[in-house]
Every structure is written in C-alpha cells, then in structure tokens.
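Remember, it's 1-based here, ligands and their atoms both numbered in the order they're listed.
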Amino acid sequence: MVVQICTSHHPNSKMSEIGHQQQKVEANILVLGAENVGKSALTVRFLTRRFIGEYVGTESIYTHNVNVDGRETLFSIWDSVCPQNPNLNNCVTEEQLRWADGFILVYSICDRDSFNVVRQQLQRIHQMKKRHCTVPVIIVGNKRDLQHRREIPSEEGRLLAISSDCDFFETSAAETYHGSLVVFHQLLESLRESRNSNKKNTGIKGIVRSMSAVFGRRRTE
Ligand SMILES: Nc1nc2c(ncn2[C@@H]2O[C@H](COP(=O)(O)OP(=O)(O)OP(=O)(O)O)[C@@H](O)[C@H]2O)c(=O)[nH]1
C-alpha cells in the first residue's frame, strides 16, 4: 500500500492502459464538509485502517494504490478544509470542481450546521458541473457512535441523498474501518458506472440519442 502526501495536484485523471487487457483505474476524490466533522478521520481510516484521534487541520492530497476487484486502482484523495464562513460561492472552489471525479460530502450527525454546509456544497456541485455529465456524490453522516448527541435523524440524511440522486451512508470513523471502506468503494463503483454512461452519451451515438430525446418529447407534447 502506498500512502503519500503529494505536493502538487494530479492532472485530470481518467483511465490509463496497462498492457492490452487491463486498465488501471484512477479516481480523484474530493472530501468535503464543515470543520470538525471527521473528514480527515474518515480518509485516514480508509488509507491506514486506523483511527487517529487528532489531526492537523491542513489540506492534503493523498495517493493510494490498491487492488479493487482485481483491478489496480489509484485513488487520489483531497482532504479539504472548509472556509470559516462558507457560502455558496466559496464552499467549493472551481479548482476543486475541475479536479474531482467524485465527491464525498461529510457532516456530523451531532451538528445541524454541518448538515447545512453539505446542502450548500451539494447545490454548488450541481450548479457547476456540466449538466450532461453525471458526477458521483456520496453523502456521509459521520460520528454515528454519538447517538445521544444526534441532531440529524438518519431519514433526513437519506432524504437529502435521494432527492439529489446521491448515495448515503452513516459511519463512525472512530469505531470501524469497514464504514470508510464501503464509502470509498461505493464511490469508485459509481464512478465506473458514470464513466461508462458518459462515454455512451458522447460521440455520434450520443448526439443521435439527444436529438431523438428532444424530438421524441416534442411529438408527445
Ligand atoms: N466520536 C467520534 N469522533 C470522531 C469521529 N470522527 C472524527 N472524530 C473526532 O472529531 C474531531 C474532528 O475530526 P477530523 O477528522 O479532524 O475532522 P475534519 O472534518 O477533518 O476537521 P477539519 O480538519 O477541522 O476540517 C477529532 O477530534 C476526531 O477525533 C467519529 O466517528 N466519532
């Protein structure tokens, strides 16, 4: 396993050929969310299987080579830092949006404000990403071990995810490794699906498909 902090951002990643048969999968994943929700804890859990109680609150990009379902996969994970007063214009930067192939939006189940930050970040992602591209997003309610301090019912998180066409998980980075593993692997799976469907929708076939969608719809109006 390679875990390393990069000093520069990766260029836009996609898929690269290794040999004739297998493709190496590359995934740029941006971890977003308010301060103190466990973004670093979740990321470091996935990378090292460990929970380290305190993290330096700096922005980092980690690279992680791992075999997933028999395919070599290079994760680049950008553990972001939320601005002090997040608003729709600064909660996700254009650089981040350009860089990322997929997003993990983390809130703490004990912090209503952090849930509102996730809403804003979600809105910003949907606003900025091109409409014809499907971008995988996972919403994560972290700190599930702190049930007695819960402010966001699971249903509310799930509802936000359903209404935004995202996946949803609740985790406790403090308690288990498995939760973080499932989150990152699910995002990878969604990324593969969205790349396949984006590929199908480009080129001449995509144009024909879009035109028939438009004209088909008109005929029924
Ligand atoms: N009880 C509990 N505490 C957690 C969990 N995840 C993280 N923490 C704690 O929450 C605090 C913040 O965790 P971080 O991972 O630094 O959160 P962050 O979102 O990266 O914070 P910033 O770097 O400030 O943006 C730390 O004290 C962690 O030990 C969890 O699942 N349960």
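Given atom 19 (O) of ligand 1, the protein heavy atom at minimum distance is Lys39 NZ, 2.8 Å. Protein heavy atom nearest atom 7 (C) of ligand 1, with residue, atom name and distance: Ala41 CB, 3.6 Å. Remark: minimum distance from atom 11 (C) of ligand 1 to any protein heavy atom is reached at Asn36 OD1, 3.5 Å. Of the protein's heavy atoms, Asn142 ND2, 3.2 Å lies nearest to atom 6 (N) of ligand 1. Among protein heavy atoms, the minimum distance from atom 17 (O) of ligand 1 is reached at Gly38 N, 3.0 Å. Here the heavy atom of the protein found nearest to atom 32 (N) of ligand 1 is Asp145 OD1, 2.8 Å. Looking only at heavy atoms of the protein, atom 8 (N) of ligand 1 is closest to Lys143 CE, 3.8 Å. Of the protein's heavy atoms, Tyr55 CD1, 3.6 Å lies nearest to atom 16 (O) of ligand 1.
Put simply, no part of Ser108 is less than 4.0 Å from ligand 1, judged by heavy atoms. The closest approach between a heavy atom of Gly53 and any atom of ligand 1 is below 4.0 Å. Residue contacts with ligand 1 do not include Val81, since none of its heavy atoms lies under 4.0 Å from the ligand. The closest approach between a heavy atom of Gly33 and any atom of ligand 1 is not below 4.0 Å.
When only interatomic distances are considered, the shortest N/O to N/O separation between Ser80 and ligand 1 does not fall below 3.5 Å. Of the polar atoms of Asp79, none of the N or O atoms is found under 3.5 Å from an N or O of ligand 1, judged by distance alone. For Ser40, a nitrogen or oxygen atom sits less than 3.5 Å from a nitrogen or oxygen atom of ligand 1, counting backbone and side chain alike. Looking at ligand 1, you won't find any N or O of Ile52 less than 3.5 Å from one of its N or O atoms. In terms of polar-atom proximity, Thr171 is not counted as a contact of ligand 1, lacking any N or O under 3.5 Å from an N or O of the ligand. Considering backbone and side-chain atoms together, Val37 places an N or O closer than 3.5 Å to an N or O of ligand 1.
The option from Gly141, Ser180, Ala173 that lies nearest to atom 31 (O) of ligand 1, judged by heavy atoms, is Ala173.
Electrostatic pairing of Lys143 and Asp111 does not count as a salt bridge here, judged by no charged N lying under 4.0 Å from a carboxylate O.
Screening Val118, Val106, Asn142 for a side-chain contact (heavy atoms from CB on, under 4.5 Å) with Val37, the sole residue that qualifies is Val106.
Counting atoms of ligand 1 from 1 in the listed order, those under 4.0 Å from a heavy atom of Leu146 are 1 (N). Near Ala174, with a cut-off below 4.0 Å to any heavy atom, the atoms of ligand 1 are 2 (C), 30 (C), 31 (O), 32 (N). In summary, the atoms of ligand 1 found under 4.0 Å from a heavy atom of Ser172, numbered by their order in the structure, are 31 (O).
Residue Ala34 touches ligand 1 through its backbone alone, judged by heavy-atom distances below 4.0 Å. Of all the heavy atoms of Val106, none lies under 4.0 Å from any atom of ligand 1, so neither backbone nor side chain is involved.
In terms of modelled atom types and a separation under 3.5 Å, the side chain of Glu151 and the main chain of Ile109 share no donor-acceptor contact. Proximity of a side-chain donor or acceptor of Thr48 to a complementary backbone N or O of Arg45 within less than 3.5 Å is not detected. Panel note: side chain Asp113, backbone Asn116; no donor-acceptor pair is recorded below 3.5 Å.
For the pair Asp167/Ile139, no side-chain contact is recorded, criterion being any heavy-atom separation below 4.5 Å from C-beta on. The shortest distance between side-chain heavy atoms of Thr171 and Thr176 does not fall below 4.5 Å.
A pairwise comparison of heavy atoms in Lys24 and Leu74 identifies CE-CB, 3.9 Å as the closest pair.
With no hydrogens or angles considered, a side-chain donor-acceptor pair links Ser154 and Glu170 at under 3.5 Å. In the model, Gln121 has no side-chain atom that pairs as donor or acceptor with a side-chain atom of Arg124 under 3.5 Å.
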Salt bridge (charged side-chain N to carboxylate O under 4.0 Å, His left out) evaluation trace for Glu189 with Arg192: CA-CA 5 Å; Glu189 184 58 36; Arg192 284 182 185 153; 3.8 Å; yes

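Taking CZ of Phe103 as the start and CD of Gln96 as the end, the distance is 8.5 Å to the nearest 0.5 Å.
For Phe46 and His64, the ring centers are positioned less than 6.0 Å apart.
Between Tyr107 and Phe168, the ring-plane angle classifies as parallel under the 30° and 60° cut-offs.
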